[in-house]
Amino acid sequence: MRLEDELRELRARFDAALERAADPKHLDEVRVSFLGRSGEVTTVRRGIGKLPGDERPSAGKTINDVVASMEAALGEREGALQRARFETSLSESIDVTFPAPPSPLGSLHPIRIVTNDLCGYFERHGFAVVLGPEIEPDYYNFDALNIPADHPAREGFDSFYLTEHLLLRPHTSPMQIRTMEDYPPPVAVVVPGKCYRRDAVDARHSYMFHQIEGLLVAKDVHFGHLKGTLTGMCRKLFGPDQAVRFRPSYFPFTEPSAEVDTTCPRCRGAGGPCRMCSGSGWIELGGSGMVHPNVLQQMEYDPDIYSGWAFGFGIERLALVRYDIDDIRRLFENQPEFLAQFS
Ligand code: DAH
């Protein structure tokens, strides 16, 4: 038989054997019987010696080519068997139709929930919700709010300055100015957002906190509107029997000015041993007042025609009181187990 025919016939038997080999052990048997030291290819190779001298090199090359392609075929079969074994083992150990456990869902942060509720309340009363920059020039933070450079009230806002005249806003009141700068009267806005002060961190203080600012300027606006609006706000947040109390105070940008308190939601105003309100029966929300005529005038709102009120409350304070949380730091630690309670 010619060498080529012999090899073709051998290759056909090899392919058939390969096809039948269903596991690594059989595959190895096929390898040994065809390609092993005393395998069939070796027998064929020995025949080269009987060929005429000038045919030997090309016969050797033909055999080597066939061996290389047989080895490649063996490798492929081995890979295919491995993949098949892997897939069988997967379907034996994993039920791919079994429903996956649900991924844990995030929840709204208590600050976000309170902010949303506040904004919702004011939107229903015709206010627009606007946001402002957290970095402000001192003009918006102080000067335009009737707090000139030498005014002692500036020291009450212990601020982070970035440059001589640029700072992280210590309150949301600068947005009163931006609003009046951008829009003619009447205006009605609330501004929730982050504020920054150089406060040491403890159970009640944080160098970053949130405020909500409110501003209403129109014709014939008086203090009674402020009281009614804030009473409604507290009832929305804490319940229907909530009362609001105003204590005379001072802010350069309002006249008259008042601190705002609401009934302590824990003791319902009873006071006594209540720790949340230190026995007073009231919780302080922040500052408020009638917009100072100087501020209106500077914004080219005629104070003889227009009047307005404003307030600025701490949102953390509202969240701590609403959810009976005893330490402001809990709001910033990002513990999912803690935060998940509020959604
Ligand atoms: N901006 C003041 C603060 O952070 C709070 C405040 C007081 C805001 C009176 C007002 C206001 O709008 O009318 O201390």
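Because the structure is a prediction, the values reported are computed rather than measured. Throughout, numbering of the chain's residues begins at 1 and tracks the sequence. Order of appearance sets the numbers: ligands from 1, and atoms from 1 within every ligand.
With a 4.0 Å heavy-atom cut-off, ligand 1 is reached by the backbone of Ala310 and by its side chain too. The proximity of Arg197 to ligand 1, defined as any non-hydrogen pair under 4.0 Å, is limited to the side chain. Only backbone heavy atoms of Phe311 (N, CA, C or O) come within less than 4.0 Å of ligand 1; its side chain stays farther off.
For the atom pair CG (Leu35) and CE (Met70), the distance works out to 4.5 Å, reported to the nearest 0.5 Å.
Between His125 and Tyr121, the ring-plane angle classifies as tilted under the 30° and 60° cut-offs.
Nearest protein heavy-atom contact of atom 11 (C) of ligand 1 is Phe253 CE1, 3.5 Å.
Aromatic pair Phe251/Phe142: centroids not less than 6.0 angstrom apart. Aromatic ring centres of Tyr196 and Phe209 lie farther apart than the 6.0 Å criterion allows.
Using a 4.0 angstrom heavy-atom cutoff, Gly286 does not count as in contact with ligand 1.
Contact atoms of ligand 1 toward Thr254: 13 (O) (distance under 4.0 Å to a heavy atom of the residue). Each of the following atoms of ligand 1 lies closer than 4.0 Å to a heavy atom of Phe251: 7 (C), 9 (C). With ligand atoms numbered from 1 in the order given, ligand 1 contributes 8 (C), 10 (C), 12 (O) to contacts under 4.0 Å with heavy atoms of Glu213. Near Gly289, with a cut-off below 4.0 Å to any heavy atom, the atoms of ligand 1 are 13 (O). Of all atoms in ligand 1, listed by their number and element, those nearer than 4.0 Å to a heavy atom of Gly312 are 5 (C), 6 (C), 8 (C), 10 (C), 12 (O).
Heavy-atom proximity to atom 1 (N) of ligand 1, evaluated over His171, His292, Met290, is greatest for His171.
Between the side chain of Thr42 and the backbone N or O of Arg37 there is at least one donor-acceptor pair closer than 3.5 Å. At least one donor-acceptor pair closer than 3.5 Å links the side chain of His225 to the backbone N or O of His222.
In the displayed structure, Glu333 atom CD is contacted under 6.0 Å by more than 12 heavy atoms of other residues, nucleotides or ligands.
The side-chain contact (heavy atoms from CB on, under 4.5 Å) search around Val44 returns Leu3, Glu6, Leu7, Leu10, Ile63, not counting sequence neighbours.
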